[in-house]
Structures are given as structure tokens and as C-alpha cells.
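To keep things clear, I will list the structure first and then write my remarks on it.
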Amino acid sequence: MIPWLAAAPPEWLAGLLSSPLLPWLPVLLPWLGAAVLAGIASSRIGARVNLAVAVLNLPLVLLLAVLPTEAAGLLRPDALNLCLLLPAALVGLSGAVATIALPPPEGAGRAWNAGYQALLGLTYLALLADDFGLAWMALTLAGPVLALLVALRRGTIESSGTALAAAWKAVTLLGAGSVLALLGTLALAMAAYPLAGEAALSFETLQRVGREAEAGPLMLGFLLMLAGYGVLAGLVPLHLWLSEAQGEAPTPLIIIPCTLLGQAALHLLLRAQAVAALNPVWLPPGALLLLAGLAGMAVAALALWRRRDAGRFLAACAIGQTGLAAFAFGLGGPAIMAGLIQMAGALLALSAAAYGLGRATGLRGSMSLTALAGLASSEPRLGWALAAVLGALAGLPPLALFVSEFLLVQQAVARLPWLALPLGLGLVALSGTTLARLRWLCFGPAPAGGAAVEAEGSGQTVILLMLLHLLALLALGFFLPGSVAALLADAARVAG
């Protein structure tokens, strides 16, 4: 029973709340908003319509979390996708607010706002889909939309230059990943079709028949999906598009759609692993995710040490956080809870860091980390807020990412002690390089003669958004609400 409803709601309301069409509302509303935004020429009006759509969509997502989920259909809310859908909706709303405070380049607002909402809708569809084929279709369509956002520059898609090159690389690699993911999806269907018929791509059906299905096609499907969705998720060594896309995009806010796309892809990998693990063959499905996770931490630590601009710095942070989540999912069992907390915390922290760096680049007039140094001395509130956010990404207590990493180490020691050493080294390297960048950005020497350039937008709004994200990270880390803990436990059971 929904707590805020009467014991016996009206018949029409009960029918609406139990309808299988209800999960479609959070998907269709952003698409409708994208269609409206595509026709609004004014960037200022478009940004406000973008915000209105995000505000209206949040209650629809919250409604899915409190409703019973017995209704069947193409979309099926469960504990696993709700753990990712709720923070995605929150960050989708805060990102819409940030678009007003940190507007994209002049003339690019219409395309940015429409593409932002279209990508949110596609991400929600991929998360909520019970059918692997429908989820694949959503992520395949999301790739070109993301590439369009990367290529935006001063109101046009550049006919030459690094932004267009980065967009084409994203289209090529994401397209190749989609093809591999499709082949994996078809292999899963071949394995389950003799037992499940037309419902062979339903996750619920695959969980029911997976033990009797032929093991070879199941494993082949998982391997192909790992290669395909690994590209979209930014798993090492399939991450090459992410750094250039983030570095050449017109605004640091591109990290929000990039991270949402990656998390939706990783969520599908987790479901595919749960199916393949029901009937394993020569290779445990989680072993490859463990290797990809360790490689991601190592590559991210090296990239954080070398990166010299804000966009690629955020991309390196995202690669490291994805690696940690992949390691947790590969470990399985209760570690899946740690991975889900890691994904939610990473989305909150990365978006907050994008807000802070977006404000800083507007003030300093440059994306270079050298030009952004010493923020705490010139902009104390911004500098300290960014330091707190980067500290969260480094895994400092008592924020959510520290809790997830602590649980991950605990599970690794308890279940596979030989993995504790490489995991510990990866965490130390990732945390150390992030803290080194924190020290330089926030407390290093300010560049000589670097006069601030006032950016459009409200600095107060950016600081407030960062503080709200930090409060959410603190709530997840310092005290975990009972309802959230129960949802995470249910999600771990769904994922096997």
C-alpha cells in the first residue's frame, strides 16, 4: 500500500496506478519535452522549459518506487533499476538547473536542451526495459544523440576541428559497440528460445529458464554484450571515446549524459551476468568484470596524473569509478550493493564536480587545469566546495563512495583474499592521484596575471547545487535510510 494513499483509493486511480502504461510516463515525458524544446529558438526560454520537464518527471520516477510492481509489460520497475533510476532523475533535475546557471555556448542552447531531454528519456527506457532487445535499441539511439551534444560548438556543428573529430570517434566506437551488443542479445535469445518462445529476451524469463538453457550460447551472449556494452560503459580497454568526447564538448555538463549512458550499459551487463551465471561453462562470467575493473582503476590513476584540462580530468574520474563498480559486480553477492552505491555516489559526485569546474572555467576563461589552480584563494566558497566534491571522488570518509569502497574491500577479503592486494593498490593509486589534483586545483598557486572573467549564470546556484549533492553523498555514507538499505538488498538478490 502506498503510504500517502487512503486504504481504498478510487477505482479509477487504482486502475491508473496498476496500469502497465505507468512506467512509460517517465520515458515519454522527456521525449515530449525534447520535441517541444527542438522548436524553441530562445535559449533562455528553452532552459526553463528543460527545467520544467525535469521537475515534472521526478515525481513520476518517485511514484514507481512506491508502487507495487506486479504488472507485467515491456517495462518492469524492480529494485535493481530503481537503485539507478532515482539518482538519475535527481541528477537530471540538478543538471537542468545547472544549464540555466552555466549556459552552453551562444546559439547551442536549443540543441543542447532537446538532446539532453532525449538522452534522459532513452536512459530511463534502457534502465526500465525488461526486454534486452528494447534496452539495446534505447542505448543504440542514445549514442548518436550524445555525439551530437559533443559536436556542438558556438551554435553549429563544426565542419572541421577537434570537436567534430571527437564526435565522429564517439559515433564509430559506440556504433561498433552496439553491433556487438546486438550479437550478444541474439545469442541470449537463441539459448532461451526453445524454452521461452517469444519471451526469450525478457530478463524475468531468462532468470527462470537460464539453468536449463544451453550454456554455450549463454556464455557467448554475455561475452559479446561485455564487449559491446563495455564500449558504452567506458570499461578499459574499450573507453577510448570517452576522454575525447568529454574534453572537446562545449560544456563540462556533458559528463552527466556520458555517465548516465555508461551506467545504463553497466546495468545491462549486470543483468546479463546474472543470467549467464545460472549455467556457467569454462569461465565464470564475473572474472572478466573483475579484470576490467582493476584495469579501469589503473588506467584512471595514470590518466589523472597526466591530464591537463578539466574535461579529460572528469573523464578519467568517470573511468575509475566505472572500474570500481565493474569490480564489485564481478565479485558478486553482497558486493553488488557496494557497486550500486558506487554508481549512485559517482553520478552525484561527478555531476557536482562538473558544476564546480564549469563555474571555474567560466571565471578563469580556460579549461586548462593550470589556469584553474588556486581556486580556494580567489574563490573561497567555490574552491572549498570543489575540494569536498573531489574528496568524495577520492573516497574520503564519511561520504557514500568511502562506504562502497569499504564494503568492496571487506567482501574481497572475505571471498577472494588474493584479490585484496591488487584492489588495495588500485584504490590507493586512484585516491592518491585524485587528491593530488584536488591539492593543485583548490590549494595550489593561482596563475600569475589570471584575472577572473565573469561568466553568465549564477555562482550562488552552482554552489547550492554542489552542496545539495554533497548532502546526498553524506546521507548515503553517514547514515543509510532503512528503505534505501532494503532496496539495495533486494537489488543484490535480483542480480544474483
side-chain contact (heavy atoms from CB on, under 4.5 Å) between Leu25 and Leu29, worked out:
CA-CA 6 Å; Leu25 295 181; Leu29 181 60; over 6 Å; no

Contact between [X] and [Y] at the side-chain level, heavy atoms closer than 4.5 Å - yes or no?
| X | Y | value |
| --- | --- | --- |
| Trp24 | Leu74 | yes |
| Leu125 | Leu141 | no |
| Thr322 | Thr259 | no |
| Val275 | Phe222 | no |
| Leu382 | Leu363 | yes |
| Ser243 | Ile319 | yes |
| Lys169 | Thr172 | no |
| Phe203 | Asp131 | no |

If you take all heavy atoms of [X] and [Y], which pair is closest and at what distance?
| X | Y | value |
| --- | --- | --- |
| Leu401 | Ala346 | CD2-N, 3.6 Å |
| Leu56 | Pro59 | O-CD, 3.2 Å |
| Ala142 | Leu261 | CB-CD1, 3.8 Å |
| Gly133 | Leu201 | N-CD1, 4.0 Å |
| Gly115 | Val145 | O-CG1, 3.6 Å |
| Gly311 | Gln246 | O-CG, 2.6 Å |

Let me see the working for Ile100 and Thr461 under side-chain contact (heavy atoms from CB on, under 4.5 Å), right down to the final yes or no.
CA-CA 9 Å; Ile100 298 176; Thr461 303; over 6 Å; no

Under 3.5 Å, side chain of [X] to main-chain N/O of [Y], donor-acceptor pair present?
| X | Y | answer |
| --- | --- | --- |
| Glu204 | Arg76 | no |
| Trp241 | Leu232 | no |
| Glu379 | Ala360 | no |
| Gln263 | Met343 | yes |
| Tyr124 | Pro23 | no |
| Asn81 | Leu84 | no |
| Ser351 | Leu348 | yes |
| Thr99 | Gly95 | yes |
| Trp112 | Leu149 | no |

At what distance, to the nearest 0.5 angstrom, does [atom1] of [X] lie from [atom2] of [Y]?
| X | Y | atom1 | atom2 | value |
| --- | --- | --- | --- | --- |
| His469 | Leu90 | NE2 | CG | 8.0 Å |
| Leu127 | Leu268 | CG | CG | 8.0 Å |
| Leu266 | Gln321 | CG | CD | 12.0 Å |
| Gln342 | Ile336 | CD | CD1 | 14.5 Å |
| Leu224 | Leu182 | CG | CG | 10.0 Å |
| Leu470 | Leu399 | CG | CG | 7.0 Å |

Is there a side chain to side chain donor-acceptor pair (under 3.5 Å) between Trp136 and Thr140 once you walk through the steps?
CA-CA 6 Å; Trp136 170 84; Thr140 299; 3.3 Å; yes

Quick one, Arg359 with Leu386, criterion side-chain contact (heavy atoms from CB on, under 4.5 Å). Give me CA distance, side-chain angles, the key distance, then yes/no.
CA-CA 10 Å; Arg359 175 65 179 170; Leu386 186 59; over 6 Å; no

Enclosure of Trp384 CH2 (heavy-atom neighbours >12, cutoff 6.0 Å):
no

Indicate whether any N or O donor in one side chain lies under 3.5 Å from an N or O acceptor in the other, for Tyr355 and Ser94.
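The answer is yes; a qualifying pair exists.
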
Between Ser202 and Asp130, is any side-chain donor less than 3.5 angstrom from a side-chain acceptor?
yes

For Leu238 and Leu173: C-alpha separation, side-chain torsions, deciding distance, then whether side-chain contact (heavy atoms from CB on, under 4.5 Å) applies.
CA-CA 9 Å; Leu238 307 169; Leu173 293 179; over 6 Å; no

Is the closest basic N to carboxylate O distance between Asp78 and Arg271 below 4.0 Å?
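A salt bridge links Asp78 with Arg271.
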
Below 4.0 angstrom, N of the basic side chain to O of the carboxylate: do Glu248 and Arg312 qualify?
yes

